[in-house]
Amino acid sequence: MALARQIQEDLRAELDLRRTEVAQLADAPLRELAWRVVRQNVARRRLPPDVDPETLARSVIDEALGYGPLEPMLADPTISEVMVNGHAVVYVERHGRIEPCPAIFSSEQALRSVIDRIVAGAARRVDESSPMVDARLPDGSRVNVVLPPLALNGPCMTIRRFSRLRLDIPALVRRGALSESMARFLGAAVRARLNVMISGGTGSGKTTLLNAIAGLVPAGERIITIEDAAELALHHNHVVALEARPRNLEGHGEVTIRDLVRNALRMRPDRIIVGECRGGEALDMLQAMNSGHEGSLTTAHANSARDLLSRLEVMALMAGMDLPVPAIRAQIAGALDLLVHTSRAADGVRRVSSIVEVVGCDSGIVQTQELYACDAAGIHHACGQIPACIERLRSTGMLGDSSLCFDHPGNGNLRCISS
């Protein structure tokens with residue numbers, strides 16, 4: 001480790017990466033120049049017998065110009081999350097389980113250099129005056145950074161990776177995330193332009209499911225996506241992707257999710273998809289759903305589908321409109337049709353644990369009924385309730401005799417829905 005640190009310091013001294021002529025080099029010529037300098041440096045040294053010169057040179061180059069020890073992790077398709085807790089402690093999530101990683105950064109300065117490189121590439125900034133930032137890698141992976149003095153153990157970075165292979169609904173069915181009948185029901189719901197909100201905890205698969213459900217939107221519809229950091233990847237021809245923007249160095253220029261939701265209403269959308277509702281934008285989203293923008297999709301953090309309704313009330317109050325709670329509940333009942341809750345089991349498997357229908361508001365209480373559930377063994381089943389929106393589902397032409405749809409609790413076969 002000390003040897004790699006010394007070679008990297010020599011590389012910085014020889015290249016002087018702040019020089020204008022070097023700064024203007026493209027990535028490929030710059031790496032070629034750095035390889036030449038590092039190989040010459042390594043060749044002049046007497047290395048221990050257990051150190052491979054090429055491996056040592058590659059680690060130095062990666063740390064100086066790339067993502068350092070993160071490079072092999074980001075190339076490993078089995079790793080879904082990378083957690084850097086200071087330069088000497090790194091964990092990864094593989095197949096839903098967290099495990100320590102032997103790869104570490106040579107110094108805190110090396111970690112800060114990688115963080116600065118990532119943040120600059122996403123046109124964001126992070127420093128002592130603004131020690132938290134959300135960014136993304138070129139492949140769409142989401143990055144969160146927290147610097148000292150907020151992070152007591154040194155710079156912390158969390159990278160939520162996204163598979164290059166985007167999972168669609170059939171793929172999620174094969175993985176056991178939901179049953180075939182639930183998948184077909186959601187397909188009919190999207191065709192019927194029902195408003196759907198996906199809830200769940202961190203890392204429960206909300207965004208993955210949102211991306212898969214959005215893929216069921218019929219071709220030709222105009223879709224407006226709104227995200228804090230772009231993660232959705234839709235294959236439709238008519239997609240307008242909007243991304244929020246933080247304030248600049250002078251404290252100006254911020255564009256929030258709420259601003260984008262309001263603006264999207266003027267863009268003639270067929271569907272509005274919000275990556276996640278966290279605050280006052282929830283009220284704007286509810287109003288959009290209540291004003292003719294049917295078929296909208298979004299996600300929010302919640303412990304259960306029922307808890308999501310309480311969270312929506314709080315988020316709507318964050319809009320600062322001073323609305324009475326009964327009015328907010330009426331908005332929720334009128335806007336939302338389905339709540340889809342996701343969860344991650346102890347074995348790391350992410351599943352749709354519940355599909356709940358919002359059926360109205362009675363005496364100031366939002367009324368719901370559960371259509372599908374998942375038991376402790378991970379088995380999905382229908383709950384025996386006929387959805388109130390059955391006529392809208394039937395209008396899609398995807399339903400047969402509705403009396404056969406949900407009257408078999410414990411039987412996951414939704415026999416009346418055809419592909």
Side-chain angles (χ1 to χ4, degrees), residues 169 178 181-200 206 209-210 212-218 221 223-224 261 264-265 269-277 281-300 302 304-313 315-316 327-342 352-362 365-373 382-399 402 405-406 414 416-417:
I169 289 295
L178 68 167
S181 62
M182 296 166 74
R184 292 180 178 179
F185 170 74
L186 290 176
V190 171
R191 280 297 179 98
R193 302 184 65 84
L194 300 184
N195 293 321
V196 180
M197 177 168 275
I198 301 170
S199 64
K206 300 187 299 298
L209 181 61
L210 175 64
I213 292 178
L216 301 175
V217 174
E221 294 194 17
I223 303 174
I224 310 293
V261 171
L265 302 180
D270 288 316
R271 309 264 183 163
I272 298 176
I273 301 177
V274 177
E276 182 178 343
C277 285
E281 65 271 7
L283 180 60
D284 296 285
M285 191 69 181
L286 292 174
Q287 290 177 328
M289 292 175 175
N290 270 318
S291 58
H293 295 88
E294 298 178 329
S296 297
L297 306 169
T298 187
T299 75
S304 68
R306 191 71 206 181
D307 286 345
L308 174 61
L309 298 176
S310 299
R311 281 219 67 222
L312 278 173
E313 293 178 21
M315 288 190 288
I328 295 176
R329 291 177 178 174
Q331 286 280 313
I332 294 173
L336 293 177
D337 297 302
L338 293 178
L339 310 177
V340 182
H341 188 71
T342 62
V352 175
S353 58
S354 179
I355 298 180
V356 174
E357 182 186 24
V358 179
V359 295
C361 189
D362 184 19
I365 303 298
V366 179
Q367 303 297 312
T368 62
Q369 64 174 358
E370 190 170 36
L371 303 179
Y372 288 96
C383 296
Q385 304 292 331
I386 300 296
C389 60
I390 189 65
E391 293 302 325
R392 293 181 63 180
L393 296 174
R394 183 182 291 144
S395 69
T396 66
M398 300 179 68
L399 293 184
S402 62
C405 288
F406 306 94
L414 191 57
C416 66
I417 294 184

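In this text, all values refer to a predicted model and were calculated from it rather than measured experimentally.
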Output the distance between atom CD1 (Ile273) and atom CD1 (Ile224), rounded to the nearest 0.5 Å. 9.5 Å

Test item: Gln367 side-chain N/O and Ile365 main-chain N/O as donor-acceptor pair under 3.5 Å: yes

First locate atom SG of Cys277, then atom CG of Leu312, and finally report the distance between them rounded to the nearest 0.5 Å. 7.5 Å

Atom SG in Cys389, atom CG in Leu338: separation rounded to 0.5 Å? 5.5 Å

Salt-bridge test for Arg193 and Glu221: reply yes if a basic N is under 4.0 Å from a carboxylate O, no otherwise. yes

Side-chain donor-acceptor contact under 3.5 Å, His341 with Ser199: yes

Looking at every non-hydrogen atom in both residues, tell me the closest pair between Leu210 and Leu297 and how far apart they are. CD1-CB, 3.6 Å

With Gln287 via side chain to side chain donor-acceptor pair (under 3.5 Å) - residues at least two apart: none

Measuring from Met289:CE to Thr298:OG1, what's the distance to the nearest 0.5 Å? 6.5 Å

Nearest heavy-atom pair of Ala300 and Met315: which atoms, and what distance? CB-CE, 4.2 Å

Is a donor from one side chain sitting under 3.5 angstrom from an acceptor on the other, for Ser354 and Glu370? yes

What pairs of residues pass the salt bridge (Lys or Arg N to Asp or Glu O under 4.0 Å) test when at least one of them lies in residues 329-338, not counting sequence neighbours? Glu313-Arg329, Asp337-Arg392

Value for OG1 (Thr299) from CG (Leu209), rounded to nearest 0.5 Å, stands at 10.0 Å

When Leu393, Ile355, Val359 are each screened for side-chain contact (heavy atoms from CB on, under 4.5 Å) with Pro387, the one that passes is Leu393

Asn195 side chain vs Gly295 backbone, donor-acceptor pair below 3.5 Å: yes

Rounded distance [0.5 Å steps], CE in Met285 versus CG in Leu265: 9.0 Å

